[in-house]
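Okay, structure first, notes after.
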There are 2 protein chains.
Amino acid sequence: MDSNISEIYSLIQDLSWYFGNQGFDGECCEDLSLVEYMALKKVCAIKNITIQEIGAALNITKSGVSKVIDRLEEKDYVLREQSSEDGRVCCVKPTEKGLNAVKKISDRYSEYLMEVLDSIEKDLLVNIRDVMELLYKAIREKGYIK
Amino acid sequence: MDSNISEIYSLIQDLSWYFGNQGFDGECCEDLSLVEYMALKKVCAIKNITIQEIGAALNITKSGVSKVIDRLEEKDYVLREQSSEDGRVCCVKPTEKGLNAVKKISDRYSEYLMEVLDSIEKDLLVNIRDVMELLYKAIREKGYIK
DNA sequence: GATAATAGTTGATGATGGAAACTATATTTG
DNA sequence: CAAATATAGTTTCCATCATCAACTATTATC
């Protein structure tokens, strides 16, 4: 086992903890939980996304997604709409409030990251982005660990 | 706002989702939840760690940690021991089973990562590790986002 | 048209984390 | 040294939230 791999794994895990539920504090995110925010991001990113698509993207059951969308709809971040092509399908769209919230939270986190990476040189920053991108794409292609 | 920062933020968040609760599946991890595993890792890494130290490391309350340790102790992954120096303090130690579990799970994830990073060159791997390390250290120094 | 398949919702249940009250021990103070 | 205060950890109550299985509504198949 390449020791670099073990170290990378451990670093990702610890990093993930910071950006997971424990690091994601209600205060900086309006009234959104992490999963609500993740779902909202998908809704904003993909036009007319369905319940099951959100579930596939976030690795949660359709039942779980349905309730997340309930909450988001109740708080006026998204709207449900029946698909005109298939009456069984529920298309989810962001409201103006939803779009704004995603932007605001994203900005807040970026600002935090900017402070964190303050002393780091520009070209190294590009390198970080490239590395993260490569890593994420590879993992996404591979799918969730089973 | 440097667009690299926004992209890095977004990548970390998505990556974190994979390695957070949603990607951490009971099947590959004995009977441990993510928080249980994270706590167990701390217990294995730091000799005679206390409840509050675990809480500080994982950003959860002492009440929460107490219950996580309850579960870990019940499943025989850790032991509680009263500190000889201060009777109020509870030192937590891993059992043999606990040590083995951490190793096994860590290996399982590393194996997954190895498959993911299969096609990547050795020197780029070192680069990835360095970047992740830099990022993690910077974030840890900064503390949790508030 | 009847049957099967599919998308989404709902009710019951279980896991789990936080706040506040509580216990036990240690430290400070008069 | 006894009382008051502080601290570490536990427990109780409660809120959140995800899953499973059953259900509804719609579409596809035969």
Side-chain angles (χ1 to χ4, degrees), chain A residues 17 20-27 29-40 42-43 46 48-75 78-93 144, chain B residues 17 20-27 29-40 42-43 46 48-75 77-93 144 146:
Chain A
W17 193 256
N21 270 305
Q22 290 318 312
F24 197 85
D25 213 340
E27 315 208 0
C29 322
E30 321 279 317
D31 50 358
L32 294 171
S33 70
L34 180 56
V35 66
E36 284 163 14
Y37 173 59
M38 293 299 288
L40 181 55
K42 296 291 174 197
V43 170
I46 299 167
N48 286 325
I49 196 168
T50 68
I51 298 287
Q52 312 230 36
E53 284 167 348
I54 296 171
L58 300 183
N59 201 32
I60 48 184
T61 63
K62 59 181 184 172
S63 157
V65 176
S66 181
K67 278 175 245 196
V68 170
I69 299 301
D70 278 351
R71 271 140 44 202
L72 285 173
E73 195 170 25
E74 205 158 298
K75 290 186 272 196
V78 303
L79 289 172
R80 274 181 171 92
E81 209 167 89
Q82 196 179 36
S83 166
S84 54
E85 289 171 17
D86 184 336
R88 296 168 299 183
V89 172
C90 166
C91 297
V92 186
K93 298 165 189 266
Y144 284 95
Chain B
W17 193 256
N21 271 304
Q22 292 316 314
F24 195 87
D25 211 340
E27 314 210 358
C29 323
E30 321 280 317
D31 49 358
L32 294 171
S33 70
L34 180 57
V35 66
E36 284 163 13
Y37 173 61
M38 293 299 288
L40 180 55
K42 296 291 175 196
V43 170
I46 298 168
N48 285 324
I49 196 170
T50 68
I51 297 288
Q52 310 231 37
E53 283 167 349
I54 296 169
L58 300 182
N59 201 32
I60 49 184
T61 64
K62 58 182 184 169
S63 155
V65 175
S66 182
K67 277 177 269 192
V68 171
I69 299 302
D70 279 351
R71 271 141 44 203
L72 285 174
E73 197 170 22
E74 205 159 299
K75 291 185 271 197
Y77 288 104
V78 303
L79 288 173
R80 273 182 170 94
E81 209 168 90
Q82 197 178 35
S83 166
S84 52
E85 290 171 15
D86 184 334
R88 294 168 300 185
V89 173
C90 166
C91 297
V92 186
K93 297 164 189 266
Y144 284 97
K146 286 293 179 305

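Just so it is clear: chains get the letters A, B, ... in the order the sequence lines come, proteins before strands, and each one is counted from 1. Side chains are part of it too, since the values below use all heavy atoms of this structure and drop only hydrogens, waters and symmetry mates.
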For [X], check salt bridge (Lys or Arg N to Asp or Glu O under 4.0 Å) against everything at least two apart and list the hits.
X: A:K93; answer: A:E81
X: B:K75; answer: B:E36
X: A:R88; answer: A:D86

>> Between C1' on C:dT6 and CD on A:E85, what's the gap in Å once rounded to a whole number?
In response: 16 Å
>> Rounded to whole Å, how long is the line connecting atom CD of B:E74 with atom P of C:dA15?
In response: 11 Å
>> Quick check: on DNA chain D, is the nucleotide nearest A:I60 upstream (toward 5') of the one nearest A:G87, or the reverse? Name the residue that is more 5'.
In response: A:I60
> Who pairs with A:Q82 by side-chain contact (heavy atoms from CB on, under 4.5 Å), at least two apart in sequence or on another chain?
Replying inline: none
>> Run the side-chain contact (heavy atoms from CB on, under 4.5 Å) test against B:T50 and tell me which residues pass, sequence neighbours left out.
In response: B:Q52, B:E53, B:V89
> Where along nucleotides 8-17 of chain D does protein come under 4.0 Å, by heavy atom, of base (B) or sugar-phosphate alone (S), with - for untouched nucleotides?
Replying inline: BBBBBB---S
